[in-house]
Amino acid sequence: HKLASKGPPPRTGTSMSCCSIGSARAPGVVRPYSGVRPGQRCQAGASSAGAAAGGGGGASNKMGIAAAALARRAWSPATRLAVAARVAAGPSLAVAAVAPSSSSGACVGSRVAASWGGHGRGYASNVFQNQNSRLKAVAEASETSGGKEAAAVEVVAPPIKLLTSAESEDLLKIRHTTAHICAMATQKLFPNAQCTIGPWIDRGFYYDFFYPDGFSDKDLKLIKKQMIKIMNKGYPLRREEVTRAEAERRIKELNEPYKLEILESIKTEPITIYHIGDEWWDLCAGPHVETTKMIHPKAFDLESVAGAYWRGDETKPMLQRIYGTAWGSPEELTAYNTFKAEAARRDHRKLGKDLNLFSIQQEDVGGGLVFWHPKGALMRNMIENFWKDLHLARGYDLLYTPHVGKLDLWKTSGHADFYAENMYKPMAVEEEVYQLKPMNCPFHVAVYKDGYHSYRDLPIRYAEMGTVYRYERSGTMHGLFRVRGFTQDDAHIFCLPGQIADEIKGVLDLTEEILTTFGFTEFEVNLSTQPEKSVGGPEFWDKAEGALKEALGVKGWAYEVDEGGGAFYGPKIDIKILDAIGRKWQCSTIQLDFNLPARFELSYIDAENTKQRPIMIHRAIFGSLERFFGILTENYAGAFPLWIAPTQVRLLPVTDAVTPYVEETARRMRAAGVRVDITSHERLAKLVRNAEKAKIPVMCVVGEQEAKDGTLAVRTYADGDQGVISVDDVIARCDAANKGKLEKF
């Protein structure tokens, strides 16, 4: 929901990201369109009247909606009917249709404008939500009899929403069934392939096979053809309940050892099996569609093959994982493929290399360890300085804490017991045991404990850009999104119970200010409440949850309640941001903690001179600086806002004769805080092309006339040619962008 929204957003059930594209709109929305002037005739073009008909099963409904809306206009019935019929046909690219509307010789024409993914530059406007890039069907109508009737309507097609499996039960069933069909087809073609598991995932499915020979791209094509045959046969999906002994007998008969292991892990009875016709079956709890005919053969695809260890255990056999996607219609698959191509264009791993921002040198140094190159390091420094200055202005104190600490610290905090699998092995140091820190929290607690605090001192707010280290399996790491060493923008607030609501409101305000500065203005907010197992009495939980709700209410943010979804030590608020292509990213978390203050015996002296336990609030806004930088890179497709771009201006001299002027201009810019470089000794076309490839926000061509006049011929990456502008004006605009955190020149 947008920040101004008061109503609750739709429940998505997603965690890190999704690709719900476009906003909900009523089908067949018809509204006035001013694209045709009174008396303007329709242009025929190459078409046929038949192109205006059709539209599929929903055509009659669309036609009714359109006709009802058009009835408000003083058009002849024939004109209204023809326009409504064209509307009902639905949008299709590059179509022009003409049909007679009355005996007077009038015509009705239609045209389709725009397409998916129109924002090639990569600026942060959602390419699937932006009005200029929605698929539109524009129906134009005019009658020429006496010029009495002339009007037009713009019909905005309902945007295609690429729902996740959590958002659509129908798509979940389609994807689950398609996974089974994939396994059936694979075993028909490769009888030695042994089945393991095949779940649905957010936007598709996968199935794991034990097949040492591996699957090639050619094999995937064969499997897909076999799957289409199975779909077309319309096999029924049938559920069967059997005893454990019967299931074991059948599995052994098929020689499926992995299925036998899965059966052993199932603790409930009876055992459920799903059959595809009488030809194939699998251990499964469902749900599924009724027949394979319900899977559209042009609405699915097999995407790739990857290796995956059985049960995610590196000591167990390597399996072949076939990834696929499945949708309710071919149009959804087309939209998904467009979305996927746009996401690939924005991939931060590729952009990081192309723009020389960072690297992860797995071969020479180790996996999951980030090297910030000069341009990336400069950007990181600006992000950190902005973050620190804002925190200081909001009453936080900055900390720097060590990267290692005694293992006893992590035993006291509970991490050694509950988080051990994500921690690196302890190290022996002079007969003591030390641990690389996976969290900053215990260190901030140690700073708090090093003082004596009165209730008058609270709240105390500590903030740190603290680097932590967590063990990640090699197969789970992914660019900057999942690494082994990363920096958290951690803060911990120690406050009185009565201060919780105000402190949470302050954190929400700070979160909004930081995220919107970087161009993220649409959030999804979730409030997670007391789980079944928790520490702290009900009075603490009731008060804490009430304070979080109060803060969200004062802020005016809609939110969803995740009943029982809080941590065992306190309720929390999670905030997801929506990026330029509609994906959701979990970034900010605000977590109340009753646990660590008790474990570390934290206290303050109250007005009665007795010891009391403070409330501790954990919060992170970026979550991880590395991950946020990756999200930022993909959001802008590497075309960063002017204020944070590593190089803001590039000077492009066309002749050596202007070198002194260019160097003096660069000196003046640097003195004003503008990040500028100079590139020369190439043809002008190549200089501009290279600057465009580097996504430099402002390019300034300098010839002899510019040098004589004290000007620059300015071109921006965002908006192209800006004309000739004085050096003073260019500097002033860049300075304004830096001070105002502006996106464009």
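Heavy atoms only: backbone and side chains are in, while hydrogens, waters and symmetry mates are out. The structure displayed is predicted, hence computed values, not measured ones.
- A donor-acceptor pair is defined here as one N or O able to donate and one able to accept, closer than 3.5 Å; no such pair exists between the side chain of Glu264 and the backbone of Ile266.
- At distances below 3.5 Å, at least one donor-acceptor pair connects side-chain atoms of Ser588 with backbone N or O atoms of Ile621.
- The residue from His403, Gln435, Arg484 that alone fulfils the side chain to side chain donor-acceptor pair (under 3.5 Å) condition with Tyr469 is His403.
- Under 4.0 Å is where a charged nitrogen must lie from a carboxylate oxygen, and between Glu626 and Arg380 at least one such pair does.
- Expressed to the nearest 0.5 Å, how far CZ of Phe600 lies from SG of Cys441 amounts to 9.0 Å.
- Taking a 6.0 Å sphere around NZ of Lys611, one finds it holds 12 or fewer heavy atoms contributed by other residues, nucleotides or ligands.
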Self-check item: Stepwise side-chain contact (heavy atoms from CB on, under 4.5 Å) test for Phe629 and Met379
Solution: CA-CA 9 Å; Phe629 189 84; Met379 292 183 68; 3.8 Å; yes
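- The distance from atom CZ of Phe486 to atom CZ of Arg470, rounded to the nearest 0.5 Å, is 4.0 Å.
- Taking every heavy atom of both residues into account, Gly519 and Tyr636 meet most closely at CA-OH, 3.4 Å.
- Ring-centre distance between His348 and Phe481: below the 6.0 Å cut-off.
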Practice problem: Evaluate side-chain hydrogen bond (donor to acceptor under 3.5 Å, both in side chains) for Asn440 paired with Lys437, printing each intermediate quantity in order. | Solution: CA-CA 7 Å; Asn440 295 303; Lys437 68 173 177 179; 2.7 Å; yes
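- No hydrogens or angles considered: nothing links the side chains of Gln612 and Ser603 as a donor-acceptor pair under 3.5 Å.
- Ring orientation note: the planes of His492 and His444 are nearly perpendicular, at an angle over 60° on the 30°/60° scale.
- Sorted by first and then second residue, the salt bridge (Lys or Arg N to Asp or Glu O under 4.0 Å) pairs with a member in residues 485-502 form an empty list; sequence neighbours excluded.
- Shortest non-hydrogen contact noted between Arg599 and Ser413 is CD-O, 3.5 Å.
- Closest of all the heavy-atom pairs between Ile577 and Cys587 is CD1-SG, 3.6 Å.
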Quiz prompt | Verdict with supporting geometry, His453 and Ile460, side-chain contact (heavy atoms from CB on, under 4.5 Å) | solution = CA-CA 9 Å; His453 306 289; Ile460 293 173; 3.3 Å; yes
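- Counting all heavy atoms, side chain and backbone alike, Ile360 lies closest to Gly479 at CD1-O, 3.3 Å.
- For the 3.5 Å distance criterion, the side chains of Gln648 and Asn738 qualify, holding a donor opposite an acceptor.
- When each of Arg346, Arg583, Lys350 is tested with Glu634 by the rule salt bridge (charged side-chain N to carboxylate O under 4.0 Å, His left out), just one qualifies, namely Arg583.
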Exercise. Show the numbers, then the answer: is there a side-chain contact (heavy atoms from CB on, under 4.5 Å) between Leu355 and Lys375?
Key: CA-CA 8 Å; Leu355 301 178; Lys375 290 181 179 179; over 6 Å; no
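- Remark: Phe494 CZ to Asp457 CG distance equals 13.0 Å, nearest 0.5 Å.
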Exercise. Just do the side-chain contact (heavy atoms from CB on, under 4.5 Å) check on Leu436 and Met423 with the steps written out, would you?
Key: CA-CA 8 Å; Leu436 274 173; Met423 297 166 62; over 6 Å; no
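- Taking CG of Asp208 as the start and OH of Tyr258 as the end, the distance is 10.5 Å to the nearest 0.5 Å.
- Counting only distance, with no hydrogens or angles, the side chain of Gln194 and the backbone of Pro257 share no donor-acceptor pair below 3.5 Å.
- Counting heavy atoms of neighbouring residues, nucleotides and ligands inside a 6.0 Å radius, atom NZ of Lys543 does not exceed 12 of them.
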Quiz prompt | Working for side-chain hydrogen bond (donor to acceptor under 3.5 Å, both in side chains), residues Thr610 and Glu608 | solution = CA-CA 6 Å; Thr610 59; Glu608 305 300 323; over 6 Å; no
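- Smallest separation of non-hydrogen atoms from Leu378 and Pro646: CD2-O, 3.5 Å.
- Under a 3.5 Å cut-off, the side chain of Ser454 and the backbone N or O of Arg456 do form a donor-acceptor pair.
- A distance of 6.0 Å or more separates the ring centres of Tyr206 and Trp200.
- Note on Asp313 versus Arg311: no salt bridge recorded, every NZ/NE/NH1/NH2 to OD/OE distance being 4.0 Å or above.
- In terms of heavy-atom proximity, Cys195 sits nearest to Phe209 at SG-CE2, 4.0 Å.
- Remark: Glu601 CD is loosely packed, at most 12 non-hydrogen atoms of other residues, nucleotides or ligands lying under 6.0 Å away.
- Under 3.5 Å, the side chains of Thr516 and Thr521 contain no donor-acceptor pair of N or O atoms.
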Quiz item: How far apart are the C-alpha atoms of Phe594 and Trp541, what are their side-chain angles, what is the distance that settles it, and do they pass the ring pair (Phe, Tyr, Trp, His ring centres under 6.0 Å) test?
Solution: CA-CA 9 Å; Phe594 310 133; Trp541 279 89; 5.7 Å; yes
Practice problem: Starting from the C-alpha separation in whole Å, work towards a yes-or-no answer on salt bridge (Lys or Arg N to Asp or Glu O under 4.0 Å) for Lys555 and Asp509. | Solution: CA-CA 8 Å; Lys555 186 65 181 168; Asp509 289 341; 2.7 Å; yes
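- Between Tyr207 and Phe205, a ring centre-to-centre spacing not shorter than 6.0 Å is recorded.
- The backbone N or O of Gly307 lies less than 3.5 Å from no partner atom in the side chain of Gln320, so there is not a single donor-acceptor pair.
- For Tyr323, the side-chain hydrogen bond (donor to acceptor under 3.5 Å, both in side chains) partners are Arg321, not counting sequence neighbours.
- In this structure, CZ in Phe628 is found 12.0 Å from CH2 in Trp585, a value given to the nearest 0.5 Å.
- The environment of Glu314 atom CD is dense: over 12 non-hydrogen atoms of other residues, nucleotides or ligands sit within 6.0 angstrom.
- Between Trp410 and Phe443, the distance from one ring center to the other falls under 6.0 angstrom.
- The backbone N or O of Ile201 sits less than 3.5 Å from a side-chain atom of Ser165, completing a donor-acceptor pair.
- Between Lys505 and Glu550 no salt bridge is recorded (no basic side-chain N to carboxylate O distance below 4.0 Å).
- Residues meeting the side-chain hydrogen bond (donor to acceptor under 3.5 Å, both in side chains) test with Thr412, sequence neighbours left out: none.
- Between Phe622 and Phe518, the angle of the ring planes goes over 60°, which puts this pair in the perpendicular group of the 30/60° scheme.
- One N or O on the side chain of Thr529 and one on the backbone of Gly564 form a donor-acceptor pair closer than 3.5 Å.
- To the nearest 0.5 angstrom, Ile573 atom CD1 is 10.0 Å from Asn526 atom CG.
- Note on Lys411 versus Asp417: no salt bridge recorded, every NZ/NE/NH1/NH2 to OD/OE distance being 4.0 Å or above.
- Salt-bridge check for Asp347 with Arg345: failed, with every basic side-chain N at 4.0 Å or more from each acidic carboxylate O.
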Practice problem: Run the numbers on His618 and Thr589 for side-chain hydrogen bond (donor to acceptor under 3.5 Å, both in side chains), then give the verdict. | Solution: CA-CA 8 Å; His618 306 253; Thr589 298; over 6 Å; no
